[in-house]
Amino acid sequence: MPELPEVEVVRRGLERWVSGRTVAAAEVLHPRAVRRHVGGAADFTARLIGNTIGAARRRGKYLWLPLAEGGGAIVAHLGMSGQLLVGDPARARQRHLRVRLTFTDGGHDLRFVDQRTFGHLMVAELVPDAFGRAGKEAEAAVPAPVAHIAPDPLEPAFDDEAFYRALRRRRTGIKRALLDQSLISGVGNIYADEALWRARLHWARATENLTRAEVSRVLEGVREVMTAALAAGGTSFDRLYVNVNGESGYFERSLEAYGRRGEPCTRCGTPIRRDVFMNRSSYSCPKCQPRPRRPRL
DNA sequence: CTTCGTTCCTGTACGC
DNA sequence: TGCGTACAGGAACGAA
């Protein structure tokens, strides 16, 4: 499941293999892959053909590729199972191939492959960045569908103090807040559990009474786990393959809470528990992360 | 305005 | 063996 580190690896791959090239042809093999594109598949391909792709950008789990003509950008979200793959245009078509772009230089093609079709591609207009701090105008533009996505905790625009104040204003639980991309972006179910384990906080802790120190621990936990995953997954973007989907190997080695139900906590030895929350699994240590007296879901 | 439940999708694992 | 069911889950959407 791609979260911020995996998406960043893909961004680097796109930067290396796709930026600067001109689209020759675009093919939409499944309409659901472009369901958010206003105008449908025909308009999507029309906007791409003959257009040149600029520098790859990312905010949270959203990726985008500015287009030289028309002022818009290709926006991509990988959802749960999406992959952006680069390779020999003549190679066999993957079973779940949804969109394919070829380029005027005749080189490697770009393929969007997505088994569960939660991911999508679209062309969208750029709008001013509501979260941006003073910067270059071009840098401060984001695609319209990304405008409500907060900065991620690894980018300089992320404001720790503003995040703390936003949490105190909320009436919800810390895990729900971590998964809310308008407060903090790039955190998914897995890294939320990992960060809370590191911070020794239960997922249902009310955000309104978190202390500054506790919020600092959460942010430190998020940054540590993301940085470690990025370091583990960042080795593959050099290859002729834009890697995604946890193939970094990070999942197998370094997870302390997620997926470890019944296994001993590496800090205290207590068996990790699993709760169902938001129709998803939450893993935590019963001793290190005690259930709050007044939980907020 | 905020909060929260539902929904989309398909492959895999597992119990009976 | 085969069938039914739970599970994986990001985020848009609509309801309260």
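To find a chain, count down the sequence lines: A is the first, B the second, and so on, and within it residues start at 1.
Residues satisfying the ring-ring contact (aromatic ring centres under 6.0 Å, His included) criterion with A:F112, sequence neighbours excluded, are absent altogether. For A:S281, the side chain to side chain contact (heavy atoms under 4.5 Å, CB included) partners two or more places apart in sequence, or in a different chain, are A:R274, A:Y283. Under the side chain to side chain contact (heavy atoms under 4.5 Å, CB included) criterion, A:D105 pairs with A:R21, A:F103, sequence neighbours left out. Partners of A:H37 under the side-chain hydrogen bond (donor to acceptor under 3.5 Å, both in side chains) rule, at least two apart in sequence or in another chain, are A:D43. Shown here are the side-chain hydrogen bond (donor to acceptor under 3.5 Å, both in side chains) partners of A:T22, two or more places apart in sequence or in another chain: A:T52.
Contact annotation for A:H148: backbone-only contact, meaning every heavy-atom pair under 4.0 Å involves sugar-phosphate atoms and none involves a base. Across all strands shown, A:F277 has no heavy atoms under 4.0 Å from either base or sugar-phosphate atoms. Contacts of A:R274 with the nucleic acid, taken as non-hydrogen atoms under 4.0 Å apart, involve only primed sugar atoms and P, OP1 or OP2.
Distances shown here put every side-chain N or O of A:R36 at or beyond 4.0 Å from the OP1 or OP2 atom of C:dG10. Contact annotation: A:Y62 side-chain N/O to C:dA12 OP1/OP2 distance is under 4.0 Å.
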Sugar-phosphate or base contact per nucleotide [nucleotides 3-13 of chain B; S, B, -; heavy atom under 4.0 Å]: SSS--BBBS--
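Residues A:V99 and A:I49 fall into different hydrophobic clusters, defined by Ile, Leu, Val, Met, Phe, Trp and Tyr side chains chained together at heavy-atom separations under 4.5 Å.
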task: Kindly indicate, with the supporting measurements, whether the criterion side chain to side chain contact (heavy atoms under 4.5 Å, CB included) is fulfilled by A:W64 and A:R59.
output: CA-CA 9 Å; A:W64 69 93; A:R59 169 162 286 178; 3.8 Å; yes
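Atom CG of A:D114 and atom P of C:dA8 are 19 Å apart (whole Å). Atom CG in A:L179 sits roughly 9 Å away from atom C1' in C:dG10 (whole-Å rounding). The interatomic distance linking A:L121 (CG) with C:dG10 (C1') rounds to 15 Å, in whole Å. The interatomic distance linking A:I190 (CD1) with C:dA8 (P) rounds to 10 Å, in whole Å. Taking atom OH of residue A:Y191 and atom C1' of nucleotide C:dG10, one finds them 15 Å apart after rounding to whole Å. Rounded to whole angstrom, the span from the CD atom of A:Q181 across to the P atom of C:dC13 amounts to 15 Å.
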